[in-house]
Amino acid sequence: GTNGRKKKTLWLTEVAMGSNNATEITGFVDDLMNEKDGLNNRETFGFVEKVSWFSDYSFDSFKVGTYVPHENEVWSSTLFFPFGQLSPVGERFFSHCGSSVLV
């Protein structure tokens with residue numbers, strides 16, 4: 001910072017995509033985290049210090065922009081299957097986090 005002020009950083013918490021389609025969600029993760037123009041581009045997004053994924057096996061859908069979910073539609077953003085294995089979304093998310101995350 002300037003004049004003795006601390007540099008501000010941002011933590012993104014509860015990040016997820018409104019969908020229950022793993023292919024769509026893994027694409028969202030790639031777009032969000034890629035090194036060219038996503039959050040892993042530290043030159044552009046160096047102020048983003050942490051990213052926390054909202055991992056839930058099933059949660060109620062809600063209106064996002066112009067998308068209105070169907071009655072009783074639920075979404076999933078889980079990083080893990082019930083017995084601890086990584087889901088396709090978990091594999092993709094952690095692949096962008098560096099090797100030290102899963103050690």
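Computed from a predicted structure; not experimentally measured. In this chain, residues are counted from 1 in sequence order.
Between the Asn20 side chain and the Ser76 main chain, no donor and acceptor come within less than 3.5 Å of each other. With Ser77 contributing its side chain and Asp56 its backbone, the two residues share a donor-acceptor pair below 3.5 Å.
Under the 4.5 Å side-chain contact rule for hydrophobic residues, Trp11 and Val15 do not share a cluster.
For the pair Leu79/Phe94, a side-chain contact is recorded, criterion being any heavy-atom separation below 4.5 Å from C-beta on. Within the 4.5 Å cutoff, the side chain of Leu39 has heavy atoms near those of the Leu32 side chain.
Nearest heavy-atom pair across Glu35 and Asn41 is O-CB, 3.2 Å. Among all heavy-atom pairs drawn from Gly84 and Phe80, the shortest one is O-CD2, 3.6 Å. The minimum heavy-atom distance linking Thr78 with Ser87 is given by the pair O-OG, 2.7 Å.
With rounding to the nearest 0.5 Å, the separation of CG in Leu12 from CZ in Phe45 is 9.5 Å. Summarising the geometry, atom CZ belonging to Phe47 is positioned 14.5 Å from atom NZ belonging to Lys8; distances are rounded to the nearest 0.5 Å. In this structure, CG on Leu10 lies 9.5 Å from CD on Glu49, to the nearest 0.5 angstrom.
A search for side chain to side chain contact (heavy atoms under 4.5 Å, CB included) contacts involving Glu24 returns Met17, Ser19, Asn21, not counting sequence neighbours. Partners of Asp30 under the salt bridge (charged side-chain N to carboxylate O under 4.0 Å, His left out) rule, at least two apart in sequence or in another chain, are Arg92.
Counting heavy atoms of neighbouring residues, nucleotides and ligands inside a 6.0 Å radius, atom OH of Tyr57 does not exceed 12 of them.
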Using residues 59-67 as the side-chain source, report each donor-acceptor pair under 3.5 Å to any protein atom, sequence neighbours left out, with the distance given to one decimal.
residue	atom	partner	partner atom	Å
Ser61	OG	Glu73	O	2.7
Lys63	NZ	Gly65	O	2.7
Tyr67	OH	Glu73	OE1	2.9
Tyr67	OH	Glu73	OE2	2.9

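A donor atom on one side chain and an acceptor atom on the other are found under 3.5 Å apart for Asn34 and Asp37.
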